[in-house]
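Okay, structure first, notes after.
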Number of protein chains: 2
Amino acid sequence: MAIDATDVAALFHSSSGSAPAYQRLKDLVSEQIATGRWTEGEMLPSESRLVESLGLSRMTINRALRELSAAGLVVRTAGVGTFVAAHKGSSALFEVRNIADEVHHRGHRHRTEVAFVREEPADAPVRRLFDLPEGRPVFHSLVVHYEQDVAIQLEDRLVNPELAPEYLAQDFTTRTPNDYLSRIAPLGRGEHVVEAVLATPDECERLDIDAGEPCLLIRRRTWSQDRLVSAARLLHPGSRYRLEGTFESP
Amino acid sequence: MAIDATDVAALFHSSSGSAPAYQRLKDLVSEQIATGRWTEGEMLPSESRLVESLGLSRMTINRALRELSAAGLVVRTAGVGTFVAAHKGSSALFEVRNIADEVHHRGHRHRTEVAFVREEPADAPVRRLFDLPEGRPVFHSLVVHYEQDVAIQLEDRLVNPELAPEYLAQDFTTRTPNDYLSRIAPLGRGEHVVEAVLATPDECERLDIDAGEPCLLIRRRTWSQDRLVSAARLLHPGSRYRLEGTFESP
DNA sequence: GAGTGGTCTAGACCACGTA
DNA sequence: ACGTGGTCTAGACCACTCA
């Protein structure tokens, strides 16, 4: 249930010597955890014990363990110790990017068409969502994004009028709603959900797709300083859009 | 084109004083970049200049800038300097997890049914993919994952027989293919693509869904030490599955 | 050669959790 | 009271880039 510092020292000295010491220690620990020789919940030697057994300074040990902690391989608690973290399975990360950047990055032309940008009465659930007083309307925009003149995203967005009071006056053909909002309200937190759905007849018409075509729907909400800035439904024709990502193990 | 160290000092001393110094410096820099006051390519003061102007030790400055570099906000080059990184737009991260863990995490029962696990001749593209000699067969498994006895994923997987020679002998009702593979071949790199598609008639039958139901398809490939371990198609009924994620700005 | 970041050391003080 | 990690200091040597 506790890993011996002298075992760590043996592993450390048998490792290749070219990399920096903190990196070699990180690699050593990663390896033991990846292969299952050190198991969930086991306690690693304390920093001071590793200072003795490895002959490194505490700052170097600390950096290695801190970065392993940031990477999620170990859990550290001041006053308690360092422990092998629960096995995270093969989780992997996905990057969801700004649609305009993505299109430009492919070397293609991006264009938006604005269906409408308007003020609308907010019903009770929407008021709760945005934490708005009764009677306060909400902003609503519907925009189609084109890549090389092919519709790839229908962006249906509700916006908090208290955090983006000038939203209605923006020209979304020159700057996307996303761009505008991330400028005026530096986003803190966000969440998104990806689903496969069928589009409604109206959505099919705006995206110029057939009724049966499966679509990728991303619902995204972003907060700035703990207040909801915007909630968006981003609908993509399945045949014209996909999310891609890569990941590397720590 | 270059940021003044005394400006940084002014910002630093006007910030709240409770957090650790390296964190306050990180926050300060993040803020300037997020609000656009510091723009892409601008050079930050060197570590030694910040030591003078902030009155902190170089290790503290170094930690702040190193972590900002790891977070992608700045780019550092030894011998050159530290620069504001290219604006990444509002990219956000998605975590794709092991299906069994995910189900268990919801407090639900997970079960797999194995349609088949077998050896198959590998055609030229598959041989190239796995870097196999001619005549070498490939392993192929088809497994259905159930959450509370409802089919949520059809896992169609090709496996490199040279990296997982015992694959055919595994019991995938007790340990998922994913679990097994990540044990025997610690994964290095991976990539995945998410799409919305329609299932084939055979797939519809195995998942017990109607022909027109949109499905979320995740295609995932994982490498271990630069050799492809496995390529999988993970097909989810749109009505029964979605990807969720949260993100925080650095 | 001057300046940069990358790494490392040998101390130090502190807040925290456990006993 | 003790051991833990969290932070910080004031030095140091190195490899690297650029003029």
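So you know, we letter chains A, B, ... as the sequences are listed, proteins then strands, and number each from 1.
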Nearest whole angstrom, please: distance from the [atom2] of [N] to the [atom1] of [X].
X: L65(A); N: dT7(D); atom1: CG; atom2: C1'; result: 15 Å
X: L68(B); N: dG5(C); atom1: CG; atom2: P; result: 13 Å
X: M59(A); N: dT7(D); atom1: CE; atom2: P; result: 10 Å
X: L25(A); N: dT7(C); atom1: CG; atom2: P; result: 14 Å
X: E47(A); N: dA10(C); atom1: CD; atom2: P; result: 16 Å
X: M43(A); N: dG17(C); atom1: CE; atom2: C1'; result: 11 Å
X: N62(A); N: dA10(C); atom1: CG; atom2: P; result: 16 Å
X: R24(A); N: dC8(C); atom1: CZ; atom2: C1'; result: 13 Å

Taking only N and O in the side chain of [X], is any of them less than 4.0 Å away from OP1 or OP2 of [N]?
X: T82(A); N: dG5(D); value: yes
X: S46(B); N: dT4(C); value: yes
X: S48(A); N: dG3(D); value: no
X: R58(A); N: dG11(C); value: no
X: R63(A); N: dT7(C); value: yes
X: Y22(A); N: dT7(C); value: yes
X: T77(B); N: dT4(C); value: no

Note to self: Donor-acceptor check, side chain of S69(B) to backbone of L65(B), threshold 3.5 angstrom: yes or no?
What the structure shows: no

Checklist line | Neighbour count above 12 (heavy atom, 6.0 Å) for R240(A) CZ | finding: yes

Next item on the list: Begin from the C-alpha positions of E47(B) and R63(B) and carry the test salt bridge (charged side-chain N to carboxylate O under 4.0 Å, His left out) through to its verdict.
Entry: CA-CA 10 Å; E47(B) 295 189 356; R63(B) 175 169 177 186; over 6 Å; no

Notebook entry, point to check: Of R109(B), H110(B), R111(B), which meets side chain to side chain contact (heavy atoms under 4.5 Å, CB included) against Q148(B)?
Noted result: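 Testing each of R109(B), H110(B), R111(B) against Q148(B), the sole residue satisfying side chain to side chain contact (heavy atoms under 4.5 Å, CB included) is R109(B).
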
Margin query: Quick check: on DNA chain C, is the nucleotide nearest Q23(A) upstream (toward 5') of the one nearest A78(A), or the reverse? Name the residue that is more 5'.
Written below: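 On the 5' side of the pair lies Q23(A).
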
Checklist line | Validation row: V8(A), L11(A) side chains within 4.5 angstrom (heavy atoms) | finding: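 Side chain of V8(A) against side chain of L11(A), heavy atoms only: no contact under 4.5 Å found.
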
